[in-house]
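Following: one structure in structure tokens, then a few remarks.
Scope of the values below: all heavy atoms of this structure, side chains included, with no hydrogens, waters or symmetry mates. Numbering of ligands and ligand atoms starts at 1, following listing order.
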Amino acid sequence: MPLTQTSPPSSLPADEIANAVALLRRGELVGIPTETVYGLGADAENDAATARIFEVKGRPTNHPLIVHLAHGSSLDGWVNRIPDVAVELAKRFWPGPLTMILPRGERSHLAVTGGQDTVAIRVPSHPIAQQLLRAFGGGIAAPSANRFGSVSPTTAQHVRADLGEDVSCVLDGGACSVGIESTIVDLSRARPILLRPGSVSREQLSVVLGHELEAHEKDLEVRAPGQIESHYAPKARVEIVERRELAARLEAARAHGERSAVLDASGEAESVDDIARSLYEKLRQADLDGMNRVLVILPTDEGTGLAIRDRLTRAAGPRKI
Ligand code: TXA
Ligand code: MG
């Protein structure tokens, strides 16, 4: 499958950034490149602007947003307590694809945290995200820039295709280098908990924490049919298969007049990090190609494999109509 492999720009012209900053200050939404996926950004301290994010995404208002901050900026005001372990994790993984859940400070409005007393904070490494955050000066609240429940965008074109006129401007930072959403660790409780696996792996986090990181029971929900709504899903039905069943499954689908794409995410042919980078592009491509099904082979849960398993298992999950 052809992937645009242009090396991403490391900065945008000052006037383009100034324009995006002006839009944010006026309470409008801006599409923002990050190393993980594109975000739909708004001024985190403007409640009308963040309300617009939920409206455009079609997302329930109790689903909290991540606040993005410039590298080196102070967390004061955004969080009201910084556990030692957060300092250690920030030193090791920021800027980068790690989000930390921390006790909320007054600058993190309830409109952003979904009414919770904790806030998700991330310092992205994408140079254009950093350029924008520095110029803006405040926090940018941003979920992935897709409609609720669908596949996250990894190029500026994906954002425009999904959100069209609903987003005032999309900064083009090229294709995302990580390709799947950030790792989320909850540090607001007695023990750190992995809420969403990502390319900062459980193993890497465990090294810094000095103990094995626990995962959230959310993982168990995935296995309880009917409990979760499908996330990260293309229109085509995603089905998890074993390699040895593949030929028979393809043949059965063909016999029913159905078209199937195969997504080999096993990690046997390419690294799991390469698979993550092109994962959403491939799911989107299956829809563009008019596929009825995507048959996927999962990797092991080592490193980024755990995150790939998570996203694909959810994509294959039961769908709420
Ligand atoms: O890589 C990423 O994290 C991307 C880029 C744009 O930064 N953003 C992203 O946002 O994936 P979103 O909104 O699609 O996912 C944010 C996740 C949601 O699952 C939300 O429930 C969780 O973060 N979250 C946010 N605040 C939280 C909180 N206070 N407690 C628990 N979970 C929280
Ligand atoms: Mg999302």
Side-chain angles (χ1 to χ4, degrees), residues 29-42 44 50 53-54 56-69 78-80 93-105 108-126 128-130 132-133 139-156 158-159 162-163 167 170-171 173 176-189 192-200 216-218 221 228-233 276 279-280 304 307 310-311 314-315:
L29 306 184
V30 174
I32 301 166
T34 85
E35 68 279 18
T36 56
V37 300
Y38 274 70
L40 179 61
T50 53
I53 291 179
F54 291 96
V56 164
K57 276 200 65 121
R59 166 161 161 153
T61 50
N62 61 352
H63 275 228
L65 305 175
I66 295 174
V67 174
H68 299 72
L69 296 175
W78 298 103
V79 308
N80 76 3
F93 298 109
W94 278 357
L98 176 68
T99 297
M100 297 195 232
I101 309 293
L102 295 163
R104 183 179 74 87
S108 301
H109 296 188
L110 292 170
V112 167
T113 69
Q116 304 195 54
D117 251 341
T118 55
V119 59
I121 304 278
R122 170 156 126 77
V123 174
S125 64
H126 195 298
I128 292 170
Q130 281 300 323
L132 179 69
L133 285 161
I140 298 180
S144 52
N146 54 290
R147 308 267 181 213
F148 188 61
S150 67
V151 180
S152 294
T154 53
T155 66
H158 294 164
V159 180
D162 279 5
L163 302 179
V167 52
V170 183
L171 298 178
C176 300
S177 59
V178 173
I180 55 171
E181 302 81 354
S182 61
T183 304
I184 304 181
V185 182
D186 187 349
L187 299 173
S188 69
R189 316 188 202 194
I193 295 175
L194 179 65
L195 293 184
R196 180 173 73 184
S199 70
V200 170
H216 190 240
E217 312 80 50
K218 233 179 184 174
E221 283 172 35
I228 54 143
E229 58 199 301
S230 167
H231 258 74
Y232 315 101
L279 187 68
Y280 292 153
T304 307
D310 170 73
R311 304 309 190 276
R314 286 168 197 279

Please report the closest heavy-atom contact between [X] and [Y], naming both atoms and the distance.
X: Ile66; Y: His68; result: O-ND1, 3.3 Å
X: Ala129; Y: Pro33; result: CB-O, 3.3 Å
X: Trp94; Y: Val123; result: CE3-CG2, 3.6 Å

Judged on heavy-atom distance to [atom], which of [options] sits nearest?
atom: atom 24 (N) of ligand 1; options: Pro64, Gly39, Cys176; result: Pro64
atom: atom 7 (O) of ligand 1; options: His68, Arg104, Arg196, Met100; result: His68
atom: atom 12 (P) of ligand 1; options: Arg59, His126, Glu181; result: Arg59
atom: atom 5 (C) of ligand 1; options: Thr36, Leu98, Asn62; result: Thr36

If you count the atoms of ligand 1 from 1 in the order shown, which ones are under 4.0 Å from a heavy atom of [X]?
X: Ser144; answer: 8 (N), 9 (C), 10 (O), 12 (P), 14 (O)
X: Ser182; answer: 1 (O), 2 (C), 3 (O)
X: Ile184; answer: 17 (C), 22 (C), 23 (O)
X: Ile66; answer: 3 (O), 8 (N), 9 (C), 10 (O), 16 (C)
X: Val37; answer: 4 (C), 6 (C)
X: Thr118; answer: 28 (C), 29 (N), 30 (N)

Sidechain-backbone polar pair: Arg147 side chain, Asp162 backbone, donor-acceptor under 3.5 Å: yes

Whether Glu181 side chain and Thr36 backbone form a donor-acceptor pair below 3.5 Å: no

Short N/O/S contact of Asn146 with the Mg ion (ligand 2) (below 2.8 Å): no

Residues which pass side-chain hydrogen bond (donor to acceptor under 3.5 Å, both in side chains) with Thr118, listed by chain and number, not counting sequence neighbours: none

The single option from Val167, Leu65, Val170 passing side-chain contact (heavy atoms from CB on, under 4.5 Å) against Leu40: Val167

Qualifying salt bridge (Lys or Arg N to Asp or Glu O under 4.0 Å) pairs with a residue from residues 110-123, counting only residues at least two apart or across chains: Glu35-Arg122, Arg104-Asp117

Thr113 near ligand 1 by a heavy-atom separation under 4.0 Å: no

Ligand 1 contacted by His63 (non-hydrogen, < 4.0 Å): no

His63-Phe148 aromatic ring centre distance below 6.0 Å: yes

Part of Ile32 with heavy atoms under 4.0 Å of ligand 1, whether side chain, backbone, both or neither: neither

Backbone or side-chain N or O of Arg122 under 3.5 Å from ligand 1 N or O: yes

